[in-house]
Amino acid sequence: MHKAVIIGGSAGSFRVITRILHALPKNFPLPVLLNLHRLKHVRSGFVEALSIKSNIPVIEPYDKESIKAGTAYLAPSNYHMYIELNKKIALSTEEAVNHSRPSIDLSFETAAHTYQRNLLGIILSGANKDGARGLKKIKDSGGTAIVQDPKECEVATMTEAALKMTQVDHVFSTQQIIDYLLKIK
Amino acid sequence: MGLSDTEIQSFISTIKNHSEYDFSEYSEKSLKRRIQKVIDDNRIDMPMLIKRLQNDRQFLEKTVRDITVNTTELFRDPKVWQDLRFRVLPRLKKNKTINIWHAGCSTGQEVYSLLILLNEMGLFDKAKVLATDINEDALEEAKKGVYKYRFNIGYLDNFDKVIKENPFNYEEYNDVPYSRYFRINKSDDSLLINDFLKKKPIFRKHDLVRGENFYFAKFDLILCRNVIIYFKYELQSKVFKMLHEHLYTHGYLLFGMHESMLGDIANRFDKKGHFYRKKY
């Protein structure tokens with residue numbers, strides 16, 4: 001039983017995530033946690049751009065905000081986003097991990113600890129290796145791991161790194177990821 | 001793999017029993033990560049860590065410093081600094097003195113950002129600035145005012161946005177030289193804050209969790225940026241009350257971009273943009 005979805009992406013993931021958000025219905029039964037790298041100087045406007053086509057609200061959460069179903073939480077720029085045991089968001093300005101803040105690994109690892117086998121983790125297109133360790137943690141905690149098909153990715157480094165480290169459940173195209181999410185009750 | 005919740009609890013209680021520090025109300029995931037880092041860096045396991053904390057006060061102090069380390073940047077979030085410049089500080093202009101407390105100043109980049117802004121606004125001399133942090137290593141860094149240049153390149157853009165430009169008047173451009181405030185030495189990758197800025201603030205060790213009082217009783221402006229994110233909700237509430245007590249009526253409180261005041265205490269403030277103004 002999935003209780004939360006967490007998605008990590010970097011270069012080339014913006015269009016994919018836009019398509020996914022566009023496909024999800026207003027009453028999508030799970031929270032969607034998003035950790036997407038962005039260029040250092042493109043700090044604002046990102047959440048607005050994602051919101052345009054999304055049927056569910058996309059927000060950059062405040063610290064200690066409660067996580068609710070049917071809402072997408074985008075890790076704010078320049079913060080790490082942790083998922084606490086009481087299903088609240090906790091932000092941090094600790095140093096960057098692998099040059100990334102937000103770090104996908106940290107969000108994935110803390111979400112895995114909180115949701116255990118009820119977490120669905122998805123890694124999308126990207127130009128670095130962030131997320132690979134986090135996806136492994138999700139698998140090790142009994143959760144489900146999906147990786148976007150590297151053949152479809154604009155930049156395949158991130159998905160390939162994830163596949164190298166973890167025996168994932170599915171390698172999916174964007175459309176297959178959407179189909180999978182829409183089947184979640 | 002990873003530390004268990006029981007191990008975290010025994011770490012917290014060991015520290016509590018052997019010092020005045022209390023981490024029991026810190027946000028759990030970042031605390032866990034920092035403890036793991038201490039263990040990795042020292043190449044020990046949790047039982048050994050606990051033993052050393054019990055027997056070696058200096059090691060305990062160092063561990064506390066390693067856990068409370070935090071990063072900060074020059075003019076982080078320019079929008080906030082523009083608000084400070086055009087909406088908040090002008091209202092304090094008529095004060096005889098402007099009392100400012102930088103609570104949780106870490107390595108001091110924002111303390112200097114504020115002093116630069118005050119200087120540009122002609123308010124430098126009437127400002128009294130207290131800058132505190134729990135972490136003595138960070139305070140030492142702050143006093144030295146020497147930063148990595150390369151790390152701060154991006155933040156020079158922020159300097160320009162806040163100090164040189166006016167978001168309300170695009171024609172305005174103040175060509176303020178960086179050298180007025182710091183020297184950049186590219187060969188050894190350093191950015192050195194000028195002495196007159198370094199002499200200005202009073203740096204003091206202070207633990208927001210314990211909330212001890214200090215001699216400045218009240219402030220016109222308190223900056224507490226990206227500090228309460230490390231605290232759980234209950235501890236946040238305690239800190240909000242304490243900050244409220246240390247503010248003059250109509251005084252301003254500024255948090256980080258994604259921090260907000262929760263609970264009843266928020267009713268005692270007007271929220272103006274990113275700022276909280278004390279009503280009563």
Side-chain angles (χ1 to χ4, degrees), chain A residues 33 38-45 47 59-67 73-97 99-103 105-116 133-134 136-142, chain B residues 1-5 8 25-34 36-37 66-73 76-80 104 106-107 109-110 148 151 153-158 161 224-237 240 255-263 274:
Chain A
L33 305 160
R38 38 191 137 174
L39 296 171
K40 262 215 164 121
H41 295 282
V42 190
R43 285 196 166 154
S44 50
V47 74
I59 59 167
E60 285 183 306
Y62 275 84
D63 179 60
K64 303 299 173 301
E65 193 153 338
S66 296
I67 295 167
Y73 299 87
L74 173 69
S77 100
N78 222 359
Y79 284 94
H80 293 305
M81 181 170 86
Y82 296 123
I83 314 303
E84 300 283 56
L85 283 175
N86 56 6
K87 315 278 162 65
K88 283 185 200 289
I89 304 258
L91 302 174
S92 143
T93 56
E94 284 162 272
E95 70 280 6
V97 178
H99 306 288
S100 300
R101 191 170 69 191
S103 149
D105 280 335
L106 291 185
S107 289
F108 274 43
E109 283 168 7
T110 55
H113 182 244
T114 293
Y115 288 102
Q116 299 287 320
R133 220 181 59 207
K136 181 173 189 316
K137 182 75 200 276
I138 291 177
K139 259 326 277 181
D140 291 347
S141 310
Chain B
M1 226 188 73
L3 298 169
S4 73
D5 297 338
I8 305 287
E25 292 184 77
Y26 271 57
S27 299
E28 61 214 2
K29 295 288 167 73
S30 61
L31 178 64
K32 183 175 172 179
R33 178 162 176 258
R34 305 237 59 109
Q36 185 67 57
K37 196 166 180 309
D66 288 343
I67 282 178
T68 55
V69 72
N70 198 3
T71 67
T72 162
E73 298 131 23
R76 184 184 165 112
D77 312 320
K79 175 82 179 61
V80 166
S106 188
T107 42
Q109 285 91 329
E110 291 204 324
K148 289 248 179 270
F151 182 76
I153 292 176
Y155 304 110
L156 295 181
D157 288 348
N158 293 352
K161 279 188 195 136
C224 183
R225 306 247 302 143
N226 298 313
V227 176
I228 57 166
I229 46 180
Y230 298 104
F231 304 155
K232 286 184 187 167
Y233 173 70
E234 294 73 20
L235 178 54
Q236 288 191 348
S237 304
F240 296 150
F255 294 120
M257 280 290 262
H258 285 270
E259 294 171 321
S260 63
M261 196 186 287
L262 303 164
H274 296 290

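Reminder, nothing fancy here: chain letters follow the sequence lines and each chain counts from 1. Values reported hereafter were calculated over all heavy atoms of this structure, with side chains retained and with hydrogens, waters and symmetry mates removed.
In this structure, the side chains of B:Arg33 and A:Glu109 stay at 4.5 Å or more apart for every pair of heavy atoms. Contact check for B:Lys32 versus A:His113: side-chain heavy atoms found under the 4.5 Å cut-off.
Listed for the B:Lys29 side chain is a donor-acceptor partner under 3.5 Å among the backbone atoms of A:Thr110. At least one donor-acceptor pair under 3.5 Å links the side chain of A:Glu84 to the backbone N or O of B:Glu28.
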Inset, instruction - Evaluate side-chain contact (heavy atoms from CB on, under 4.5 Å) for A:Asn86 paired with B:Lys232, printing each intermediate quantity in order. - result: CA-CA 11 Å; A:Asn86 56 6; B:Lys232 286 184 187 167; over 6 Å; no

Legend entry - A:Lys64/B:Ser27 under side chain to side chain donor-acceptor pair (under 3.5 Å): CA gap, chis, key distance, verdict: CA-CA 9 Å; A:Lys64 303 299 173 301; B:Ser27 299; 3.0 Å; yes

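Contact detail for B:Arg76 and A:Thr93: the closest heavy-atom pair is NH2-CG2, 3.7 Å. Across all their heavy atoms, B:Ile228 and A:Asp63 have their closest contact at O-OD2, 3.9 Å.
Note: A:Asn78 CG to B:Glu73 CD = 5.0 Å, rounded to the nearest 0.5 Å.
By the 30° and 60° cut-offs, the orientation of the rings of B:His258 relative to A:Tyr62 is tilted.
Residue contact with chain B, scored on non-hydrogen atoms closer than 4.5 Å, involves the side chain of A:Leu106 exclusively. Neither the backbone nor the side chain of B:Phe255 comes within contact range of chain A; no heavy atoms are under 4.5 Å apart.
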